[in-house]
Amino acid sequence: MKITAIAPANIAFIKYWGKRDAALRLPANASFSMNLSESYTTTTVDFSDQYREDEVIFLDDTITGSERKRITSHLDRIRDIAKISTRAKVVTKNSFPKGTGVASSASGFAALTVAASNAAGLSLSERELTILARIGSGSACRSIPDGFVVWDKGISSDSSTAHSIARPDYWDLRDVLCIVDTSMKKITTSEGHESVESSPLWKSRLESVDVRMSRILEAFEKKDFNRFGETLEEDSDSMHTVMQTQTPPLYYWRETTVMVMKAVRQWRVDGLAVYYTIDAGPNVHVLCESHSENLVKKKLSELTGIERIISNAPAKGAHIVTDHLF
Ligand code: PMV
């Protein structure tokens, strides 16, 4: 059967960095994110006896051997559950540049999980889909439910699931994403998660992250944007100081990244409610409420070195569509 799914990328306000179990991708802490309306992956999966082996095609992009292996391993997991041995053809495309910290693995594995499980004849619950997507690529579980999503740390594979805490229309936030560099990063997040304990700051991040989680959820409930923004910016800084003090160190920022961070802080001093957060890449996600969106975009467009600006609203999670890619 041929099925196509679309899944959004997500931006974490409280980040997932470090695992308790590498194989099952159980996180060291709970995380909280928003799905992004303009940054998504579309994937068509067809299981059929006409394929002698799994075929994986990235439209508009090349695929590495290790990416192919990760995708076919995920298909194996789904075949195991569905008790089939049929090979598949997978065709996928992103609406944004791959491998730049815009979490293409999150939207990619969420879309693959939904398309492949349905194409294999399974009808998994949202909870089951989040578990399967998580095993494919940790943060992918947050791209399954709608809108604003919490991924629970859990105590086992079955309890480390993601669920929506608010629909996309709950709060008209904007993630104005500044693409500053589209070259591939050298160290994958999987490798980064593995060496997290080498940072002397890792323990203190773990001690403080749950406090930030409670604080941000309270601010979210009250729609207190300044408290919300302060907390997400603090968490991003906390994750990046851990990354930069790991062995080997992970320096994801470029000069333009730091320039945007400083500009955002200055705009705040000038009275504009705006905050940044950065994932495992050089691009800066600038958060504001929708009434400030145009002003924020204008100010960003006046800075030099930004390649592209993509403004994202909160979005629904992974879902099936009827238009196939092949
Ligand atoms: O899901 P992974 O293994 O690509 O890890 C993602 C980690 C960050 O993007 C840096 C933070 C997060 O929570 O999304």
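Keep in mind it's a predicted model, so treat the numbers as computed, not measured. For the single chain, residues carry numbers from 1 onward in sequence order.
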**Request:** Determine whether Val242 and Val196 make a side-chain contact, defined as any pair of heavy atoms from C-beta on separated by less than 4.5 Å.
**Result:** yes
**Prompt:** What is the ring orientation for Phe109 with His74, classed by angle as parallel under 30°, tilted 30 to 60°, or perpendicular over 60°?
**Reply:** perpendicular
**Request:** Check step by step if side-chain hydrogen bond (donor to acceptor under 3.5 Å, both in side chains) holds for Lys69 and Ser73.
**Result:** CA-CA 6 Å; Lys69 179 80 194 62; Ser73 299; 3.1 Å; yes
**Prompt:** Are a donor atom and an acceptor atom from the side chains of Asp270 and Gln266 found within less than 3.5 Å of each other?
**Reply:** yes
**Request:** Compare every heavy atom of Ile306 with every heavy atom of Leu300, then report the nearest pair and how far apart it is.
**Result:** O-CD1, 3.6 Å
**Asked** Regarding Thr161 and Arg127, is there a side-chain donor-to-acceptor distance under 3.5 Å anywhere?
**Response** no
**Message:** Counting C-beta onward and ignoring hydrogens, is there a side-chain heavy-atom pair between Thr247 and Ser195 closer than 4.5 Å?
**Reply:** no
**Prompt:** For Glu234, which of Arg205, Arg227, Arg215 qualifies under salt bridge (charged side-chain N to carboxylate O under 4.0 Å, His left out)?
**Reply:** Arg215
**Request:** Might you point out which heavy atoms bring Asn283 and Asp181 nearest each other, and give the distance in Å?
**Result:** OD1-N, 3.5 Å
**Message:** For a quick test of reading the model, state the closest non-hydrogen atom pair linking Asp21 to Leu24 and the distance between them.
**Reply:** OD1-N, 2.9 Å
**Among Val274, Val296, Leu173, side-chain contact (heavy atoms from CB on, under 4.5 Å) partner for Glu289** = Leu173
**Prompt:** So do Met261 and Asp237 actually touch side chain to side chain, heavy atoms under 4.5 Å?
**Reply:** yes
**Request:** Determine whether the side chains of Thr4 and His324 contain a donor N or O and an acceptor N or O closer than 3.5 Å.
**Result:** yes
**Request:** On the 0 to 90° scale, with breaks at 30° and 60°, tag the Phe32-Phe13 ring pair as parallel, tilted or perpendicular.
**Result:** perpendicular
**Prompt:** Is it the case that more than 12 heavy atoms not belonging to Gln244 sit under 6.0 Å from its CD atom?
**Reply:** yes
**Prompt:** Going by distance alone, is a donor N or O of one side chain under 3.5 Å from an acceptor N or O of the other, for Ser238 and Arg212?
**Reply:** yes
**Item:** Check: Ser236 and Lys15 side chains under 4.5 Å, non-hydrogen atoms
**Value:** yes
**Complete:** Taking every heavy atom of Met34 against every heavy atom of Ala313, the minimum-distance pair comes out as CE-C, 4.0 Å
**Under 3.5 Å side-chain donor-acceptor pair for Trp202 and Gln246** = no
**Request:** For Thr43 and Thr92, indicate whether the former's side chain and the latter's backbone hold a donor-acceptor pair under 3.5 Å.
**Result:** no
**Request:** Can you establish whether the number of heavy atoms outside Glu307 located under 6.0 Å from its atom CD is more than 12?
**Result:** yes
**Prompt:** Got Asn29 and Trp17 here, is their nearest side-chain heavy-atom distance under 4.5 Å?
**Reply:** no
**Message:** When you compare the side chain of Asp80 with that of Asp76, does any pair of heavy atoms fall below 4.5 Å?
**Reply:** no
**Request:** I would like to know whether Ser160 and Arg20 meet side-chain hydrogen bond (donor to acceptor under 3.5 Å, both in side chains); could you show each step before the answer?
**Result:** CA-CA 11 Å; Ser160 186; Arg20 278 179 302 137; 5.3 Å; no
**Asked** What class does the angle between the rings of Phe220 and Phe148 fall in, given that below 30° is parallel, 30 to 60° is tilted and above 60° is perpendicular?
**Response** tilted
**Item:** Criterion salt bridge (Lys or Arg N to Asp or Glu O under 4.0 Å) on Lys89 and Asp46, from CA distance to verdict
**Value:** CA-CA 5 Å; Lys89 179 172 176 179; Asp46 181 29; over 6 Å; no
**Chi angles and distances behind the salt bridge (Lys or Arg N to Asp or Glu O under 4.0 Å) call for Asp54, Arg79** = CA-CA 12 Å; Asp54 290 329; Arg79 276 188 283 256; 2.7 Å; yes
**Request:** Considering non-hydrogen atoms only, spot the tightest contact between Ala88 and Leu75 and give its length.
**Result:** CB-CD1, 4.3 Å
**Complete:** In this structure, CH2 of Trp171 is separated from OG of Ser290 (nearest 0.5 Å) by 11.0 Å
**Candidate pair Cys141 and Ile131, rule side-chain contact (heavy atoms from CB on, under 4.5 Å), full reasoning** = CA-CA 7 Å; Cys141 69; Ile131 294 171; over 6 Å; no
**Prompt:** Honestly, is Lys222 close enough over Phe228, meaning NZ or CZ under 6.0 Å from the six-membered ring centre and within 45° of the axis?
**Reply:** no
**Prompt:** Using the ring of each side chain (for Trp, its six-membered ring), is His240 parallel, tilted or perpendicular to Trp253, with breaks at 30° and 60°?
**Reply:** tilted
**Request:** Count the heavy atoms of every other residue, nucleotide or ligand shown that sit under 6.0 Å from NZ of Lys2, and state whether that count exceeds 12.
**Result:** yes
**Flag if over 12 foreign heavy atoms under 6.0 Å of CD, Gln50** = yes
**Asked** Side-chain contact, heavy-atom cut-off 4.5 Å: Asp152 with His163?
**Response** yes
**Message:** Between Tyr16 and Lys153 (side chain of the first, backbone of the second, donor and acceptor by atom type, cut-off under 3.5 Å), is there such a pair?
**Reply:** no
**Message:** For Lys19, is the NZ atom crowded, meaning more than 12 foreign heavy atoms sit under 6.0 Å from it?
**Reply:** yes
**Request:** Can you spot which of Asp175, Asn312, Thr277, Asp279 makes a side chain to side chain donor-acceptor pair (under 3.5 Å) with His285?
**Result:** Asp175
**Asked** Quick one: does Asn35's side chain get under 4.5 Å of Ser143's, heavy atoms only?
**Response** yes
**Fill in**
Heavy-atom nearest pair, Arg142 first then Ser31, reads NH1-OG, 2.8 Å
**Message:** Using only atom types and a distance under 3.5 Å, with no angle test, would you say the side chain of Arg134 pairs donor to acceptor with the backbone of Arg25?
**Reply:** yes
